[in-house]
**Student:** 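To start, I am sharing the structure in question, which I have written as C-alpha cells.
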Amino acid sequence: MKNGGSMSEITRLIAEPASAVICLFLVWFMIKPYRLTGDTRFLGLPLGFGFMAISHIIAATVAISKEVSWFMLLFRTFSFVFIATTYFFSEMSSKKTQYLWNISISALIVVLIGLSLVVVVAPQSVWENDAGAQIYSRIFMEIFLCYIIVHSIRNHIEKPDPTTIWIPFGFIFLALSQYSFLLFYIDNSFAAFWGAIVFRFVGLIVFLVVAYQTFYRSKECE
C-alpha cells in the first residue's frame, strides 16, 4: 500500500501539471469569442476551465502539503459550477438574461472568494476530514457534470454538428474520472485512481481537439 501511495503521488506530480497545461490551452481558445464580441456570456467556459487549471496546479502540490487539498477541491468544484451556469444561460438572449448572467457570475466569484477565506481561516469548519471532503465534493461535481452532459446532448440534438457531438463525450469522460476518484477515496482502489487519470486526459484531449477545430482551424480556412 505504501508503494501504491508513492506511485499515486508521483503520478499526480506529472498528471496534474499536464492537465493544467491542457486547460490553459482550452482557456486560450475559448476566450476568443469574448475578445471578438465583448459578450460576457462567453466568459463562462474560459472561467470554468481556468479555475480547473488552477485546481490542477494546486493538486500538484498536494503531495508536498496536504493543506492545499481544500483549495483544490474548492476550485475544481467551482469550475464545473461555472460551466453548468454557462450552459444554463446559453439559450437565453434577452437583456434581462444578460443582466442575470452578470449577477450570477459575479455572485459565484464572491462565493468562491468567501469560501477560500473560510478555508484559510478554519478549514475544519468546512469538512471534518480530507476523505469526507473528497467524497462529498466529488458527488457535487458529478451532479453538475450530469446537468452539463444532458444540456450539451440536447444542444447537439437541436443543432446537429459533426464537431459538437464530441462535447458531451468530453464531459462524460470527465464525469467518469470524478466517479473513479470517488471510488478511490471510498475503498482506496488504485485501479480506480489510474482509471480516473486516464478518463480525465481523454476528456481534456477531446475538448482540446474540438476547441482547435472550432476556434483555430475554422479561422485558417476562411
Side-chain angles (χ1 to χ4, degrees), residues 19-20 22-57 72-116 137-161 163-178 200 203-216 218:
S19 299
I22 296 175
C23 288
L24 290 174
F25 271 112
L26 289 171
V27 172
W28 183 74
F29 281 122
M30 293 177 177
I31 200 69
K32 290 185 177 182
Y34 171 72
R35 289 177 179 173
L36 292 173
T37 64
D39 190 338
T40 55
R41 285 175 299 175
F42 289 117
L43 282 176
L45 289 178
L47 277 174
F49 281 97
F51 285 125
M52 197 181 298
I54 293 172
S55 74
H56 287 305
I57 293 171
M72 182 273 290
L73 292 174
L74 194 58
F75 278 88
R76 186 76 54 83
T77 303
F78 267 81
S79 69
F80 295 121
V81 173
F82 274 96
I83 296 172
T85 303
T86 301
Y87 274 97
F88 178 78
F89 284 100
S90 63
E91 295 180 351
M92 308 176 188
S93 58
S94 65
K95 290 184 178 180
K96 183 178 180 181
T97 301
Q98 180 73 33
Y99 180 69
L100 290 173
W101 162 256
N102 293 335
I103 292 177
S104 299
I105 289 298
S106 300
L108 286 175
I109 293 174
V110 170
V111 171
L112 177 58
I113 294 173
L115 289 176
S116 297
S137 63
R138 305 292 173 181
I139 292 174
F140 278 116
M141 292 181 209
E142 285 292 286
I143 293 171
F144 286 112
L145 278 164
C146 286
Y147 173 82
I148 295 168
I149 291 166
V150 171
H151 207 294
S152 60
I153 291 174
R154 189 175 68 181
N155 284 352
H156 174 73
I157 292 174
E158 292 176 354
K159 298 178 181 178
D161 185 275
T163 302
T164 59
I165 185 57
W166 291 103
I167 295 175
F169 284 105
F171 286 118
I172 288 171
F173 281 117
L174 291 186
L176 289 172
S177 174
Q178 295 306 322
R200 178 208 296 169
L204 291 178
I205 290 172
V206 166
F207 287 127
L208 191 60
V209 172
V210 172
Y212 174 80
Q213 293 282 346
T214 304
F215 300 117
Y216 187 77
S218 59

**Student:** With side-chain contact (heavy atoms from CB on, under 4.5 Å) as the test, would you mind laying out the steps for Leu43 and Ile31 before giving the verdict?
**Tutor:** CA-CA 7 Å; Leu43 282 176; Ile31 200 69; 3.8 Å; yes

**Student:** How long is the gap from NE2 on His151 to SG on Cys146, to the nearest 0.5 Å?
**Tutor:**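 His151 NE2 to Cys146 SG: 14.5 Å, rounded to 0.5 Å.
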
**Student:** Does any donor atom in the side chain of Arg200 or Ser19 lie under 3.5 Å from an acceptor atom in the other side chain?
**Tutor:**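 Checked: Arg200/Ser19 side chains pair up, N/O donor to acceptor below 3.5 Å.
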
**Student:** Any sub-3.5 Å donor-acceptor pair from Ser177's side-chain atoms to Phe173's backbone N or O?
**Tutor:**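 Here the side-chain-to-backbone pair does not exist.
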
**Student:** Under the criterion side-chain contact (heavy atoms from CB on, under 4.5 Å), I'd like the reasoning laid out for Asn155 against Tyr87: C-alpha separation, chi angles, the key distance, then a yes or no.
**Tutor:** CA-CA 9 Å; Asn155 284 352; Tyr87 274 97; 3.7 Å; yes

**Student:** Hey, mind stepping through His56 and Met72 against side-chain contact (heavy atoms from CB on, under 4.5 Å) and telling me if it holds?
**Tutor:** CA-CA 7 Å; His56 287 305; Met72 182 273 290; over 6 Å; no

**Student:** Nearest 0.5 Å, what's the CH2-OG distance between Trp166 and Ser152?
**Tutor:**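 Output value for this atom pair is 13.5 Å.
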
**Student:** Could you tell me the separation between the CG atom of Leu74 and the CD1 atom of Ile113, rounded to the nearest 0.5 Å?
**Tutor:**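 Here the rounded value is 11.0 Å.
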
**Student:** Restricting to non-hydrogen atoms, name the atom on Ser79 and the atom on Gly48 that form the minimum distance, rounded to 0.1 Å.
**Tutor:**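 Scanning both residues completely, I find the closest heavy atoms to be CB-O, 3.0 Å.
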
**Student:** Strictly under 6.0 Å, is that where the ring centroids of Trp28 and Phe25 end up?
**Tutor:**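 Not close enough - the centres of the two rings lie 6.0 Å or further apart.
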
**Student:** Kindly give the heavy-atom pair with the smallest separation between Phe49 and Val27, and that separation in Å.
**Tutor:**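 Looking at all heavy atoms of both residues, the closest pair is C-CG2, 3.7 Å.
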
**Student:** How about Leu73 and Arg138: do any of their side-chain heavy atoms sit closer than 4.5 Å?
**Tutor:**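 Yes, side chains in contact.
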
**Student:** Report the C-alpha separation of Leu108 and Phe82 in whole Å, then their side-chain angles, then the decisive distance to 0.1 Å, and conclude whether the side-chain contact (heavy atoms from CB on, under 4.5 Å) test is met.
**Tutor:** CA-CA 8 Å; Leu108 286 175; Phe82 274 96; 3.7 Å; yes

**Student:** About how many Å separate CG of Leu26 and CD1 of Ile205, when rounded to the nearest 0.5 Å?
**Tutor:**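 Rounded to the nearest 0.5 Å, the CD1-CG separation comes to 10.5 Å.
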
**Student:** Do you know the tightest heavy-atom contact between Leu145 and Ala175?
**Tutor:**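 Smallest heavy-atom distance, with atoms named: CD1-CA, 3.6 Å.
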
**Student:** For the aromatic rings, using the six-membered ring if either is Trp, is the centroid distance between Phe207 and Phe171 under 6.0 Å?
**Tutor:**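 Judged by ring-centre distance (under 6.0 Å), Phe207 and Phe171 do meet the cut-off.
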
**Student:** To the nearest 0.5 angstrom, please state how far the CD1 atom of Ile157 sits from the CD1 atom of Ile165.
**Tutor:**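 Interatomic distance, Ile157 CD1 to Ile165 CD1, rounded to 0.5 Å: 8.0 Å.
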
**Student:** If you look at every heavy atom in Ser104 and Phe89, which pair is closest and at what distance?
**Tutor:**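 It is OG-CZ, 3.5 Å.
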
**Student:** I'd like to check Phe29 versus Leu208 (side-chain heavy atoms, cut-off strictly below 4.5 Å). Are they in contact?
**Tutor:**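 A side-chain contact exists here, since the closest heavy-atom pair is under 4.5 Å.
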
**Student:** What do you reckon, is OH of Tyr147 surrounded by more than 12 foreign heavy atoms closer than 6.0 Å?
**Tutor:**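 Yes, OH of Tyr147 has more than 12 neighbouring heavy atoms, counting only those of other groups under 6.0 Å.
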
**Student:** To check you understand the geometry: which heavy-atom pair defines the closest contact between Leu174 and Gly203, and what is its length?
**Tutor:**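 Scanning both residues completely, I find the closest heavy atoms to be CD2-CA, 4.4 Å.
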
**Student:** To the nearest 0.5 Å, what is the distance between OG1 on Thr77 and CG on Leu115?
**Tutor:**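 Those atoms lie 10.0 Å apart.
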
**Student:** Step through it carefully: locate the ring centre of Phe51, locate the ring centre of Phe78, and say whether they are under 6.0 Å apart.
**Tutor:**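 So the answer is no for these two rings.
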
**Student:** Work out which heavy atom in Gly44 is nearest to a heavy atom in Thr86; give both atom names and the distance.
**Tutor:**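 Closest pair (atom of Gly44, atom of Thr86, distance): CA-OG1, 2.9 Å.
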
